[in-house]
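Predicted model, so just to flag it, every value in this text is computed and none were measured.
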Amino acid sequence: QVQLVESGGGLVQAGGSLRLSCAASGSIFTNYIMGWFRHAPGKEREFVAAITWTGGNTTYADSVKDRFTISTDNAKNTDLQMNSLKPEDTAVYYCAANPRVWSPPFPPSEIRGYVDWGQGTQVTVSS
């Protein structure tokens, strides 16, 4: 089992930046995918970005592409750098771990592939 703790959320004006961090503990293996999802009021939880644990491959939602960057340091930390923030980015952001044990495999954006979740961190972007 993997324990995940997010940090770095807060209040920022539109156009500003925030950096979210996810600290993982427990049994993480090199084949894991780490993902960020978000949940805004009145909406379903949605995919934001994902990265393979070795950092070789990244996937982004179209809504955040070219504004957000996901990274991992191979020391059980996964960060999400968020630039040019918009009010519609306001949500609770969650870090999640996908052990890639599924057959057939889920794509990195598929929420069903993720089994371990953090408690979430609030991001609020004011206009």
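Closest heavy-atom contact between Trp36 and Thr78: CZ2-O, 3.6 Å. Heavy atoms only, all atoms of each residue included: Leu4 and Ala97 are closest at CD1-N, 3.8 Å. Closest non-hydrogen pair, Pro108 versus Ile33, comes out as CG-CD1, 4.1 Å. In plain terms, the two heavy atoms of Ala24 and Val2 that are nearest each other are CB-CG1, 4.3 Å.
In this structure a side-chain-to-backbone donor-acceptor pair under 3.5 Å is missing from Lys76 to Cys22. Remark: side-chain polar atoms of Ser84 are not paired, donor with acceptor, to backbone N or O of Arg67 under 3.5 angstrom. The closest donor-acceptor contact from the side chain of Asn31 to the backbone of Pro99 lies under 3.5 Å. The main-chain N or O of Leu11 is never found under 3.5 Å from a side-chain atom of Thr124 such that the two would form a donor-acceptor pair. One N or O on the side chain of Thr90 and one on the backbone of Val125 form a donor-acceptor pair closer than 3.5 Å. Between the side chain of Arg45 and the main chain of Arg38, no donor-acceptor pair closer than 3.5 Å is present.
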Chi angles and distances behind the side-chain contact (heavy atoms from CB on, under 4.5 Å) call for Thr52, Arg100: CA-CA 10 Å; Thr52 53; Arg100 298 174 72 179; 4.0 Å; yes

Take Glu46 and Ser109 through the test side-chain contact (heavy atoms from CB on, under 4.5 Å) and record every step on the way to the result. CA-CA 9 Å; Glu46 66 174 0; Ser109 58; over 6 Å; no

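The existence of a salt bridge linking Lys86 and Asp89 is excluded, since no basic side-chain nitrogen approaches an acidic carboxylate oxygen closer than 4.0 Å.
Here the CG atom belonging to Asp79 is positioned 7.0 Å from the CG atom belonging to Asp73, to the nearest 0.5 angstrom. One distance of note links OH of Tyr32 with CG of Asp116; it measures 6.0 Å at 0.5 Å rounding. Atoms NZ and OG1, from Lys65 and Thr59 in turn, are 8.5 Å apart once rounded to the nearest 0.5 Å. With rounding to the nearest 0.5 angstrom, the OG atom of Ser63 is 9.0 Å from the CD atom of Glu88. To the nearest 0.5 Å, the span separating SG on Cys95 from CD on Glu6 amounts to 5.5 Å. Interatomic distance, CZ of Phe37 versus CD1 of Ile111, reported as 5.0 Å (0.5 Å rounding).
In the hydrophobic cluster analysis, where Ile, Leu, Val, Met, Phe, Trp and Tyr join through side-chain heavy atoms closer than 4.5 angstrom, Trp117 is grouped apart from Leu80. Both Ile70 and Val64 are members of a single hydrophobic cluster when ILVMFWY side chains are connected at heavy-atom separations under 4.5 Å. Hydrophobic clustering keeps Tyr93 apart from Tyr114 (ILVMFWY residues linked when any side-chain heavy atoms are closer than 4.5 Å, directly or through intermediates). Using a 4.5 Å cut-off between side-chain heavy atoms of Ile, Leu, Val, Met, Phe, Trp and Tyr, with links allowed through other members, Tyr60 and Leu18 fall into the same hydrophobic cluster. Val92 and Leu20 are members of different hydrophobic clusters when ILVMFWY side chains are connected at heavy-atom separations under 4.5 Å.
Two residues are said to be in side-chain contact when any heavy atoms from C-beta on lie closer than 4.5 Å; Val123 and Met82 meet this criterion.
The local environment of CD in Gln119 is crowded, with over 12 non-hydrogen atoms from other residues, nucleotides or ligands closer than 6.0 Å.
Asn83 and Gln81 are linked by a side-chain donor-acceptor pair at a separation below 3.5 angstrom, with hydrogens and angles left out of the test.
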